[in-house]
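Below is one structure; the comments refer to it alone.
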Amino acid sequence: MPASFQRELQTAVTAVRQAAIVCRSVQSAMTTASLAKKDKSPVTVADFGSQAVICRRLQLDFPDDPVIGEEGAAELRLPSGVDFLNRTVHECAAAGVVASAVEICDWIDRGGTSEYRPRFWTLDPIDGTKGFLRKEQYAISLALLVNGQIEIGVLGCPNMPFENKPDGTGVLAWAVRGHGAWMQPMSEPDATPTRMTVTQISKTADMRFCESVESGHSSHDWSGLIASQLGMQLEPIRMDSQCKYLAVARGDADLYLRLPTRKGYQEKIWDHAGGILVVREAGGEVTDIDGKAPDFRQGSSLTQNEGMVVTNGLAHAAVIAAIKTHAPAEMA
Ligand code: AMP
Ligand code: MG
């Protein structure tokens, strides 16, 4: 185990595991009736609960660290939010965090920083809400940034398969800059960590890419043109959340393409920071669609970047070139 940021890593991993307990409990209570009604309230409760337990842990261990998180408790503090708040309090208690409604709201609001700081955490308590609601893939993503560098990245992926273990095992993945990328089964903190490495495939024709399920989050038309230019025959893996970063880090896929669907959308730092470090430490490369490194000194959005391109590092330039060649007129 690396010596640097060891305490921070322990805290982050513990916090994400606890948040996964909340998310799993809420998801398992979702019925086919609520699924059919397209009731979004489970993901709201899990989102708030996940952010509350993670920010609580960060508050206990690193009280001076700001957190740029996706959620805020404003909605929960309104009279109309009382039902959500009570459900969130209940779910946190079931995961071992017995606290008052006020404490829960205060922890959630600890994630309310949005400006850049020399040292901060960024958190997506549930990335891939659509996947969560479909009972497919979602991720809990937590990262520590110091002077704009990602030092720690943790991804909790409660529905991802783990090697030959039974379905539903889930994966807890983490990386410390300079010390590799690792994974364990979600609920086995004592298991020997497995080191992750990207694939060694260098011919683009043999590569498989992954992308968002949502064509509104990443252009499927554009990726289709790139795939045919590069001779990629395999069907893309379409998956929600930063589980796509995990897929590249451990070699389930060779590439992850996130291609803007419109000019001006700014990617959020919490949708990427955790995943980026995990891929880089597994030997992969991550830039935006222009080949520029993501700039995490801009606050909550990646204002200096467009889209994201994640590869095993062996054909990054070729992929960037193909992206340019096929850029839709409005993106060029
Ligand atoms: P994914 O699960 O890969 O589809 O990504 C989910 C994330 O997409 C959410 O956390 C949102 O922050 C983000 N998102 C929302 N709208 C857009 C958009 N127009 N383009 C790219 N990402 C988006
Ligand atoms: Mg997200």
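Just follow the structure's listing: the first ligand is 1, and inside any ligand the first atom is 1. Residues take their numbers from the sequence shown, with the count starting at 1.
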Can you find a pair of side-chain heavy atoms, one from Glu306 and one from Lys263, that are under 4.5 Å apart?
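Yes - at least one pair of side-chain heavy atoms lies under 4.5 Å apart.
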Is there any side-chain hydrogen bond (donor to acceptor under 3.5 Å, both in side chains) pair reaching into residues 317-326, and which pairs are they, with sequence neighbours excluded?
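Listed by first then second residue: Gln229-His326.
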Near the Mg ion (ligand 2), which protein N/O/S atoms are found at less than 2.8 Å?
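Within the sphere that stays under 2.8 Å of the Mg ion (ligand 2), the protein atoms of type N, O or S are Asp124 OD2, Asp127 OD1, Asp271 OD1.
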For a distance cut-off of 3.5 Å, show me each N or O of ligand 1 paired with any protein N or O, plus the separation.
unit_1   : atom_1 : unit_2 : atom_2 : d
ligand 1 : 2 (O)  : Ser241 : N      : 2.6
ligand 1 : 3 (O)  : Lys244 : NZ     : 2.6
ligand 1 : 3 (O)  : Arg258 : NH1    : 2.9
ligand 1 : 4 (O)  : Ser212 : OG     : 2.5
ligand 1 : 4 (O)  : His217 : ND1    : 2.6
ligand 1 : 5 (O)  : Arg258 : NH2    : 3.1
ligand 1 : 8 (O)  : His217 : ND1    : 3.4
ligand 1 : 8 (O)  : Arg258 : NH2    : 2.9
ligand 1 : 10 (O) : Asp127 : OD1    : 3.2
ligand 1 : 10 (O) : Asp271 : OD1    : 2.9
ligand 1 : 10 (O) : Asp271 : OD2    : 3.3
ligand 1 : 12 (O) : Asp271 : OD2    : 2.6
ligand 1 : 14 (N) : Tyr265 : OH     : 3.1
ligand 1 : 19 (N) : Gly216 : O      : 3.3
ligand 1 : 22 (N) : Arg258 : NH2    : 3.0
ligand 1 : 22 (N) : Tyr265 : OH     : 3.4

Got a sec: does the NZ of Lys203 have more than 12 other heavy atoms crowding it under 6.0 Å?
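No, NZ of Lys203 has 12 or fewer neighbouring heavy atoms, counting only those of other groups under 6.0 Å.
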Flag if over 12 foreign heavy atoms under 6.0 Å of CD, Glu330:
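Buried by this count: over 12 neighbours within 6.0 Å.
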Check which hydrophobic residues are tied to Phe209 through side-chain heavy-atom contacts below 4.5 Å, counting indirect links as well, and list them.
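Members alongside Phe209: Ile201, Met207, Trp222, Ile226, Leu230, Met232, Leu255, Leu257, Leu259, Ile289, Val309, Val319, Ile320, Ile323, Met331.
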Determine, stepwise, if the pair Asp240 / Glu136 fulfils side-chain contact (heavy atoms from CB on, under 4.5 Å).
CA-CA 8 Å; Asp240 300 283; Glu136 293 174 4; 4.1 Å; yes
Should Arg195 and Glu281 count as an ion pair when the cut-off is N to O under 4.0 Å?
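Salt bridge absent between Arg195 and Glu281.
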For the residue pair Phe62 and Trp121, categorise the inter-ring angle as parallel (less than 30°), tilted (30 to 60°) or perpendicular (more than 60°).
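If you compare the ring of Phe62 with that of Trp121, the planes turn out tilted.
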Any side-chain donor-acceptor pair under 3.5 Å between Glu91 and Ser25?
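Yes - a donor-acceptor pair under 3.5 Å links their side chains.
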